[in-house]
Asks: 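For reference, the structure I am asking about is given below.
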Amino acid sequence: MSSLSRSFYLRPAAQVARELLGKILACEGVSGRIVETEAYLGEDDGAAHSARGITPRTRVIFGPPGYAYVYFIYGMYDCLNIVCEPEGIAGCVLIRALEPLSGLDQMRTRRGSARRDEDLANGPGKLTRALGIKIAHNGVDVTKGPITIHASEHAEQFEIATSTRIGITKSADLPLRFFIKDNPCVSRR
DNA sequence: AGTTCGATCGCCT
DNA sequence: GGCGATCGAACTG
């Protein structure tokens, strides 16, 4: 069970976003299958945090691929992205939803009140909370750890659906959201 | 230094 | 479907 190599991420964000579907995301023994992603581009994408250049917050997005970009949003939630493209070029993939695989007890504890398995990580703020991912993980190398991504042990067949991205106002018409069709852990239809 | 607003979520009606 | 929570980053002046 080896992590995806850095070259996997050294490609356009939209392509990486599609191919991350079905992969396994893990952190400290808690893991889930990626069922929903969004690509954020470097240019011509007003919705991307990197759209207005390098700042203290966005510097990781302009760095080498295969690193985590974690940001704090709405005063409450952390969101996880994986940096793509070569160093110097912005681009990343937001992980939006997971199908819980292991450590469900810990996920449920972290998420609070008892709830259905499908609701433990079916959103970008929920999955970071379920896995214990916080702003302190900003900049970590996901080809190493503690956050890792690897291929599923079994070949899986699934259909990929595409839509516009959720919760943005700029560049809202770009079809850069990808999800596994009919999966119950996707955040929205 | 003050203001605005956001790649969200859960609770309310 | 609507809204409040909660706070830092980025922008304005």
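Remember, predicted model here, so these are calculated numbers, not experimental data.
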Asks: Could you tell me how far apart A/Ile95 (CD1) and B/dT8 (P) are, to the nearest whole angstrom?
Replies: 14 Å
Asks: Hey, are A/Asp117 and A/Arg108 close enough for a salt bridge, meaning a charged N less than 4.0 Å from a carboxylate O?
Replies: yes
Asks: Just to be sure I understand the rule, does A/Ile168 reach a base, reach only the sugar-phosphate, or reach nothing, if contact means heavy atoms closer than 4.0 Å?
Replies: sugar-phosphate
Asks: Kindly determine whether A/Phe8 and A/Ile82 satisfy side-chain contact (heavy atoms from CB on, under 4.5 Å), including the steps that lead there.
Replies: CA-CA 11 Å; A/Phe8 177 90; A/Ile82 313 300; over 6 Å; no
Asks: C/dT6 pairs with which nucleotide, Watson-Crick or G-U wobble, both distances below 3.5 Å?
Replies: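 In the structure as shown, C/dT6 has no Watson-Crick or wobble partner.
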Asks: Starting the side chain at C-beta, find the nucleotide from C/dA10, C/dA5, B/dG6 nearest to A/Met76.
Replies: C/dA5
Asks: Check A/Lys126 with A/Asp119, please: is the shortest side-chain N to carboxylate O separation under 4.0 Å?
Replies: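 Answer for the salt bridge query: no.
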Asks: Taking atom types as they are modelled, would you say the side chain of A/His49 forms a donor-acceptor pair with the base of B/dA7 within the 3.5 Å cutoff?
Replies: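 Check passes, donor-acceptor contact within cut-off.
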Asks: Give the rounded distance in Å between these two atoms: CZ of A/Arg59 and P of C/dA10.
Replies: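 Whole-Å distance recorded here is 12 Å.
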Asks: For A/Tyr71 and for A/Lys126, locate the closest nucleotide of DNA chain B by heavy-atom distance; then report the residue assigned to the nucleotide nearer the 5' terminus.
Replies: A/Tyr71
Asks: When hydrophobic residues are tied together by side-chain contacts of less than 4.5 Å, even through go-betweens, does A/Leu25 share a cluster with A/Tyr69?
Replies: no
Asks: Would you mind pulling out the nucleotide paired to B/dA1, Watson-Crick or G-U wobble, both distances under 3.5 Å?
Replies: C/dT12
Asks: Please determine whether a side-chain nitrogen or oxygen atom of A/Arg177 lies at a distance below 4.0 Å from atom OP1 or OP2 of B/dA7.
Replies: no
Asks: Give a yes or no on whether a donor-acceptor pair under 3.5 Å exists between the nucleobase atoms of C/dA5, that is its base, and the side chain of A/Tyr74.
Replies: no
Asks: Can you tell me how far P of C/dG8 sits from NZ of A/Lys134, to the nearest Å?
Replies: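 From A/Lys134 NZ to C/dG8 P: 16 Å.
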Asks: Looking across every strand, which nucleic acid part, if any, lies under 4.0 Å from A/Arg57 by heavy atom: base, sugar-phosphate, or nothing?
Replies: sugar-phosphate
Asks: Without decimals, in angstroms, what is the distance between A/Leu80 CG and B/dT8 C1'?
Replies: 15 Å
Asks: Could you give the distance separating C/dC3 and B/dC5 at their C1' atoms, to the nearest angstrom?
Replies: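 Here B/dC5 and C/dC3 have their C1' atoms 16 Å from each other.
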Asks: What contact category does A/Gly75 fall into here, base, sugar-phosphate, or nothing, at under 4.0 angstrom with non-hydrogen atoms?
Replies: base
Asks: I want to check one thing: is the phosphate of B/dC9, taken as OP1 and OP2, less than 4.0 Å away from some side-chain N or O of A/Arg111?
Replies: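 So the side-chain polar atoms of A/Arg111 never come under 4.0 Å of the phosphate oxygens OP1 or OP2 of B/dC9.
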Asks: Hey, is A/Tyr77 doing a stacking thing with B/dT8, by the 5.5 Å centroid and 30° angle criteria?
Replies: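 No, aromatic ring not over the base.
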Asks: Are OP1 or OP2 of B/dT8 and a side-chain N or O of A/Arg96 less than 4.0 angstrom apart?
Replies: yes
Asks: Below 4.0 angstrom from OP1 or OP2 of C/dA9, is there any side-chain N or O of A/Thr55?
Replies: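 A/Thr55 to C/dA9 OP1/OP2: no side-chain N or O under 4.0 Å.
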Asks: Specify the separation, in whole Å, of atom CD1 of A/Ile73 and atom P of C/dG4.
Replies: 18 Å
Asks: What is the distance, rounded to the nearest whole Å, between atom CZ of A/Phe72 and atom P of C/dA10?
Replies: 14 Å
Asks: Can you check the A/Asp78 CG to B/dT8 C1' distance for me, whole Å?
Replies: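 In whole Å, B/dT8 C1' lies 11 Å from A/Asp78 CG.
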Asks: State whether A/Arg52 places a side-chain N or O below 4.0 Å from either non-bridging phosphate oxygen (OP1 or OP2) of C/dC11.
Replies: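 It does, given that an N or O in the side chain of A/Arg52 lies less than 4.0 Å from OP1 or OP2 of C/dC11.
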Asks: How long is the span from the CG atom in A/Asn81 to the CG atom in A/Leu94, to the nearest 0.5 Å?
Replies: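 Answer for the CG-CG pair, A/Asn81 versus A/Leu94, is 5.0 Å.
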Asks: Do A/Val93 and A/Leu20 have side-chain heavy atoms sitting under 4.5 Å apart?
Replies: yes
Asks: Roughly, in whole Å, what's the span from CD in A/Glu38 to P in B/dG6?
Replies: 15 Å
